[in-house]
Amino acid sequence: MRKNIVAGNWKMNKNLQEGIQLAKELNEALKGKSLNCDVIVGTPFIHLASVAEAVDTNKIGVAAQNCADKESGAYTGEVSSEMVASTGAKYVILGHSERRAYYHETPEILKEKVLLALKNDLTPIFCIGEVLEERESEKHFEVVKSQIEASLFELSPEDFSKIVLAYEPVWAIGTGKTASPEQAQEMHAFIRKTLVEKYGKEIADNTSILYGGSANAGNAKELFSNPDVDGGLIGGASLSVDKFMPIIEAF
Ligand code: 13P
């Protein structure tokens with residue numbers, strides 16, 4: 001069966017020392033606890049190796065927040081999937097709305113990134129989600145479906161079964177305005193139905209679909225209690241152990 005996952009996305013926060021400190025505190029807080037979910041932290045590139053070294057990676061998976069759409073070579077400033085994997089990271093967040101919006105990542109670019117991540121044995125945490133106008137004009141289902149189709153539906157069933165999805169309505173990210181549990185469940189069920197149609201029930205049932213967007217200690221339990229919500233991708237509330245632990249323990 002699919003896994004429950006609580007993943008933090010630190011975004012562009014914490015210098016190296018602060019990041020190592022946070023990772024160590026989380027590692028300490030998780031010691032001796034039996035959890036009902038996998039825990040992941042998504043750190044800036046430069047933190048990956050140190051964080052992977054500082055934590056028990058059997059308990060805390062480490063994720064990059066991006067990787068290059070090219071394998072290697074003259075791409076100044078880029079970081080390849082192979083480099084990410086060589087740090088000990090096992091995951092990579094791809095297609096985050098901030099990267100789509102601010103860095104012009106297209107579905108085609110994301111398709112390449114997903115392929116390279118898989119080639120290097122990284123699990124993509126692939127983000128999808130509509131902006132406010134799309135929801136208000138009732139295009140949200142269509143938008144999310146086309147984001148999935150355009151970047152992921154050429155994958156073989158075997159490769160697709162390695163993907164984790166994260167539904168992050170853009171209007172809920174960093175706004176304090178969470179999707180209601182009903183809105184989250186409705187979209188997650190729709191996503192799963194879309195996966196059933198393409199890859200069949202078994203693969204769809206085994207795909208973890210996380211919710212992201214102003215998730216916090218106060219709303220996590222209700223969000224996670226929905227049958228198709230398999231965890232969360234947490235931004236702001238992943239930046240301190242006090243706020244992140246109760247979300248992990250909401251499972
Ligand atoms: P917030 O939890 O800060 O709204 O961010 C969500 C997010 O974008 C995680 O990737």
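First listed ligand is number 1; within each ligand, the first listed atom is number 1. Just so we're clear, the structure is a prediction, and the values are computed from it rather than from any experiment.
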Side chain Asn216, main chain Ala237, donor-acceptor under 3.5 Å: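 Side chain of Asn216 to backbone of Ala237: no pair is present.
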Sub-4.5 Å side-chain heavy-atom contact between Leu118 and Leu155: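 SC-SC contact between Leu118 and Leu155 confirmed.
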Name every donor-acceptor pair, under 3.5 Å, that has one atom in a side chain of residues 66-79 and the other anywhere in the protein, sequence neighbours excluded.
| from | atom 1 | to | atom 2 | distance (Å) |
| --- | --- | --- | --- | --- |
| Asn66 | OD1 | Lys113 | NZ | 2.8 |
| Glu71 | OE1 | Lys119 | NZ | 3.4 |
| Glu71 | OE2 | Lys119 | NZ | 2.5 |

Minimum-distance protein heavy atom relative to atom 3 (O) of ligand 1: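 Answer for atom 3 (O) of ligand 1: Gly236 N, 2.8 Å.
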For atom 2 (O) of ligand 1, closest protein heavy-atom neighbour: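 The protein heavy atom lying closest is Gly235 N, 2.9 Å.
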Glu82 CD: over 12 foreign heavy atoms closer than 6.0 Å: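 Open: at most 12 neighbouring heavy atoms sit under 6.0 Å from CD of Glu82.
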Atoms of ligand 1 close to Gly213 [distance to a heavy atom under 4.0 angstrom, numbered from 1]: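 Those qualifying, in numeric order: 4 (O), 6 (C).
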Test of proximity, Asn9 against ligand 1: N or O pairs below 3.5 Å: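 By distance alone, the answer is yes.
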N or O pair under 3.5 Å between Gly174 and ligand 1: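 By distance alone, the answer is yes.
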Counterpart residues, ring pair (Phe, Tyr, Trp, His ring centres under 6.0 Å), relative to Phe160 (two or more places apart):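 Residues passing ring pair (Phe, Tyr, Trp, His ring centres under 6.0 Å) with Phe160: Tyr199.
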Ile173, portion touching ligand 1 at heavy-atom distance under 4.0 Å: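 Both backbone and side chain.
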N-O pairing of Lys145 and Glu142 below 4.0 Å: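 No, this pair does not count.
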Option whose closest heavy atom lies nearest to atom 1 (P) of ligand 1, chosen from Ala215, Ser214, Cys127: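 Nearest heavy atom to atom 1 (P) of ligand 1 lies in Ser214.
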Options Glu168, Glu98, Lys243, Lys11, ranked by nearest heavy atom to atom 5 (O) of ligand 1, top entry: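 The residue whose heavy atom sits nearest atom 5 (O) of ligand 1 is Lys11.
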